[in-house]
4 protein chains.
Amino acid sequence: MPRTLSDQRRAAVLEAATRAIARNGLAAPTASIAAEAGLSVGSLFNYFPTKTALLNGLYLHLKHDLAAAVAEPPIPDGPLRDRAGEGWRRWIRWGAADPDKQRVLMLIETSHELTDQSRRDGTAAMQGADALFAEAQAGGPFADQPLEFLVAMVGALAATTMEAVSREPEQFDSRCHVGFTAVWAAIGSGGRSSDTGTDGKRSQA
Amino acid sequence: MPRTLSDQRRAAVLEAATRAIARNGLAAPTASIAAEAGLSVGSLFNYFPTKTALLNGLYLHLKHDLAAAVAEPPIPDGPLRDRAGEGWRRWIRWGAADPDKQRVLMLIETSHELTDQSRRDGTAAMQGADALFAEAQAGGPFADQPLEFLVAMVGALAATTMEAVSREPEQFDSRCHVGFTAVWAAIGSGGRSSDTGTDGKRSQA
Amino acid sequence: MPRTLSDQRRAAVLEAATRAIARNGLAAPTASIAAEAGLSVGSLFNYFPTKTALLNGLYLHLKHDLAAAVAEPPIPDGPLRDRAGEGWRRWIRWGAADPDKQRVLMLIETSHELTDQSRRDGTAAMQGADALFAEAQAGGPFADQPLEFLVAMVGALAATTMEAVSREPEQFDSRCHVGFTAVWAAIGSGGRSSDTGTDGKRSQA
Amino acid sequence: MPRTLSDQRRAAVLEAATRAIARNGLAAPTASIAAEAGLSVGSLFNYFPTKTALLNGLYLHLKHDLAAAVAEPPIPDGPLRDRAGEGWRRWIRWGAADPDKQRVLMLIETSHELTDQSRRDGTAAMQGADALFAEAQAGGPFADQPLEFLVAMVGALAATTMEAVSREPEQFDSRCHVGFTAVWAAIGSGGRSSDTGTDGKRSQA
DNA sequence: AATGAATGAGCATTCATTCAT
DNA sequence: GATGAATGAATGCTCATTCAT
């Protein structure tokens, strides 16, 4: 079966596309992507019939990559806030480890290339991660806010935090903490006693 | 004397570019922008010598537009939190009133067309608005976070909030409140007694 | 009468065109010519209704300029060969003094912008100078060659000689001598006893 | 394996460019050249990445074409003057057989599109032909003239002679003779006995 | 399946010329 | 007359996609 070869090449294309698009924007020529992947133009179009298909495929690939990075290995049981915090840190770590991925994800998301189906699929892929935050929102004062809005807020904060961390990796803990504080507040849990605060000291106030 | 380069026409170009780019992305043809502005292609290039110049000009125009919308009329004196909240609401209102502007601002910001100079100028234009949040950050637990990071967080939250409000304008108050809660938390004022909490009612709980 | 003013400006345009075209070729924008002449585009088109008209006007202007440089002040009487030699030196001096003029003349001549009428007029203007060489040709072995061919040969030799002299002005005498030797040969007088060689002094050696 | 970049097509482009440029000047649209070569615009740019590259390639192609026409088949041994004369006739024949080539060569040479490298390469290609004339110059009175000047003189005379012959092909011998007489004079051999004279009379002096 | 040349619609930009002031 | 903004056809070049090999 030529399956294995195909998968490898497909992955190479996605990786090359990530680099090329991070560097040159969505206008990055398919030819340059193919070259970067070590393929001919013609072959690239065997894996993705159009550039739009490539972009949508890349979007889903990155979304799943991110979702996996957040959800695996499984986050150990514990207080919701701890679990959410761990998910958050994984999220940020993913983006800071390879800023290109995050940037490209956003570029595609804000473009008009993304089909509704892809957008839905991407959202579905993140459901595991999102659930963590949705749960926290549930009982709080912002429980009536649409999940979509919540998820968007968390995503925006994550993007900003990643970017900051990728510029100063040694500030990972510090920026993560600030970002999570905002996330927790956006979820509506910011002031609840059950959270015992962002850190223990605060809760004694 | 010939017809003089008219500010009106320049403004028309910027407005047309905003619409066209919101609709078709940065790849929107200059010809379509010119047409939408009621000008010939050639004339567009009298006002902006290159497409990049147009994009940079548009970016600055929108940034100043936003800055003015936040800062004018002057926000009346009062507790810092109230003033920041008023600035925040104006910000969201600006973006929700014309979502194209906000979208285009972000598209340009994440593209490679923006010169460093423009970026600096754009940041400078927003200084008035940013100061409001910087002041709040000053004495708090996040005082050591770089202003740049703070500003980026607030900006990201604003973008998300605007988008939500532009989809459901009647939820202006509700979304604004959530967004501001996150902002205030990101600034590090989320839990300070001097703020009497995110809102008065809550602190009594 | 605004005649004087007009003539000045017209001359300024021609001079500016010479510089601009020497620098950028026939594709030199009319706008740049106008600017170099200290005029507005619109005004330039008052003096020359089209770019082609400007080019033809410039051609004739340069041809007359050259013709005058060769013919004035009148070449004193003397042996034909001396008179021709003096004409030749004046010709070379003209081109070496301002190589732009010569280059532009050739550019226009080899372009498709030149009308037949202009070409004829240009030829007519040079008749005085050409006559000097035609006379020399008359009795010789090449008397049956068409005047047009003779003139073209002399022109080609002049162009080459000018170019060489404009690069090394101190070699004026040397290059002039070589050039004239070729001219005289092309005319068919190269070996006639009446010429007593390329120059009288030498033949006595 | 895909269709391979074909030498035939490349040649077709050069030929088409020669015709189109002879007809319309250097401003001949690339599209028209492509069409004349039976190619699409896009393909033309596969063979030559820019119009400037095409022009430089065309220049070198024509120079080599001319050089080959002069040098091949090898000129049989014999007196220098005879060999030079044979080279000269071949040169003229080349230009008269296809005046477009010569015209285009000159157009490119006098434009600003030609790179220094191309100019050098073009000169190098002609070295074989030029050597013939350089040798003749060597021992004569003009031996101290720079080779460059000599070559330019010969080239100018050739261009003029070609043009005349292409207009009246039946005058080939006659014009060739006149041209060569001038060439030989420019080289300084016009009066030397070893040449047995351009014409018999001289050698007796 | 892989390759890369071929295709041509599409785009930013230029520039001669016109015309309102 | 003078000015220079307005016009839009024309041009070099790009790039997604196709297809012969």
Side-chain angles (χ1 to χ4, degrees), chain A residues 2-3 5-6 9 24 27-35 38-55, chain B residues 1-6 9-10 24 26-35 37-55, chain C residues 2 5-6 9 24 27-35 38-55, chain D residues 1-6 9-10 24 27-35 37-55:
Chain A
R3 201 60 230 264
L5 177 62
S6 272
R9 293 203 167 191
N24 298 326
T30 48
S32 81
I33 295 172
L39 254 70
S40 64
V41 220
S43 288
L44 185 152
F45 280 88
N46 276 346
Y47 291 94
F48 300 94
T50 65
K51 189 177 187 183
T52 297
L54 166 58
L55 259 16
Chain B
M1 253 179 309
R3 231 170 295 170
T4 197
L5 262 189
S6 116
R9 274 164 137 83
R10 197 189 130 100
N24 298 326
L26 293 175
T30 48
S32 81
I33 295 172
L39 255 68
S40 65
V41 219
S43 285
L44 166 30
F45 282 89
N46 269 351
Y47 289 91
F48 300 94
T50 64
K51 190 177 185 181
T52 295
L54 167 58
L55 258 18
Chain C
L5 177 63
S6 275
R9 294 204 167 189
N24 299 326
T30 49
S32 82
I33 295 172
L39 252 72
S40 64
V41 220
S43 287
L44 185 152
F45 280 87
N46 276 345
Y47 291 94
F48 300 94
T50 65
K51 190 177 185 181
T52 296
L54 166 58
L55 257 19
Chain D
M1 250 178 310
R3 230 169 296 173
T4 196
L5 260 191
S6 116
R9 277 166 136 78
R10 198 189 128 99
N24 299 325
T30 48
S32 81
I33 295 172
L39 257 69
S40 64
V41 217
S43 286
L44 166 30
F45 283 91
N46 269 352
Y47 290 91
F48 300 94
T50 64
K51 188 175 186 183
T52 295
L54 166 59
L55 258 17

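Every chain is numbered from 1, with letters handed out A, B, ... down the list of sequences. The shown structure was predicted, so the numbers you read here are calculated from the model rather than taken from an experiment.
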- Query: Measuring from A:Arg9:CZ to A:Leu44:CG, what's the distance to the nearest 0.5 Å?
  - Reply: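 That separation rounds to 11.0 Å.
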- For D:Ser43 and E:dA5, is the shortest distance between a side-chain N/O and OP1 or OP2 below 4.0 Å?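 Answer is no, no contact under 4.0 Å.
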- Query: Would you say a side-chain N or O of A:Ser40 is under 4.0 Å from OP1 or OP2 of E:dT3?
  - Reply: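 So the side chain of A:Ser40 is within the cut-off, an N or O lying under 4.0 Å from OP1 or OP2 of E:dT3.
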- Query: What residues form a side-chain contact (heavy atoms from CB on, under 4.5 Å) with A:Ala28, not counting sequence neighbours?
  - Reply: A:Ala20, A:Ile21, A:Asn24, A:Ser32
- Query: For C:Ser43, which residues count as a side-chain contact (heavy atoms from CB on, under 4.5 Å) partner, sequence neighbours excluded?
  - Reply: C:Leu39, C:Ser40
- Item | Letter per nucleotide, 5' to 3', of nucleotides 13-18 of chain F [B base touched, S only sugar-phosphate touched, - untouched; heavy atoms, 4.0 Å] | BBSSBB
- Item | Proximity to the side chain of C:Asn46 - top-ranked nucleotide from E:dG8, E:dT3, F:dT3 | F:dT3
- Taking the side chain of C:Arg9 as its heavy atoms from C-beta onward, which of E:dA6, F:dA5, F:dT3 lies nearest to it? F:dT3
- Item | Side-chain donor/acceptor of B:Tyr47 to backbone N/O of B:Ser6, under 3.5 Å |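 Yes, because the side chain of B:Tyr47 sits within donor-acceptor range (under 3.5 Å) of the backbone of B:Ser6.
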- Side-chain (A:Lys51) to main-chain (A:Pro29) donor-acceptor, under 3.5 angstrom: no
- Message: Which is more 5' along DNA chain E, the nucleotide nearest D:Leu39 or the one nearest A:Leu44? Just name the residue.
- Response: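 The residue whose closest nucleotide sits nearer the 5' end is A:Leu44.
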- Item | Separation of atom CG in D:Leu54 from atom P in F:dT11, rounded to whole Å | 15 Å
- Interatomic distance, B:Tyr47 OH vs F:dA5 C1' [rounded to whole Å]: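 That distance rounds to 7 Å.
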- Item | Nearest non-hydrogen partners of A:Leu54 and A:Phe48, listed with the distance | CA-CD2, 3.6 Å
- Query: With Watson-Crick and G-U wobble geometry limited to distances under 3.5 Å, how should the secondary structure of DNA chain E be encoded in dot-bracket form, using | for bases paired to another strand and [ ] for crossing pairs?
  - Reply: .||||||||||||||||||||
- Heavy atoms, side chains only, cut-off 4.5 Å: are A:Val41 and A:Ile33 in contact? no
- Message: Checking C:Thr50 now: which residues fulfil side-chain hydrogen bond (donor to acceptor under 3.5 Å, both in side chains) with it, not counting sequence neighbours?
- Response: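 C:Thr50 satisfies side-chain hydrogen bond (donor to acceptor under 3.5 Å, both in side chains) with no residue once adjacent residues are dropped.
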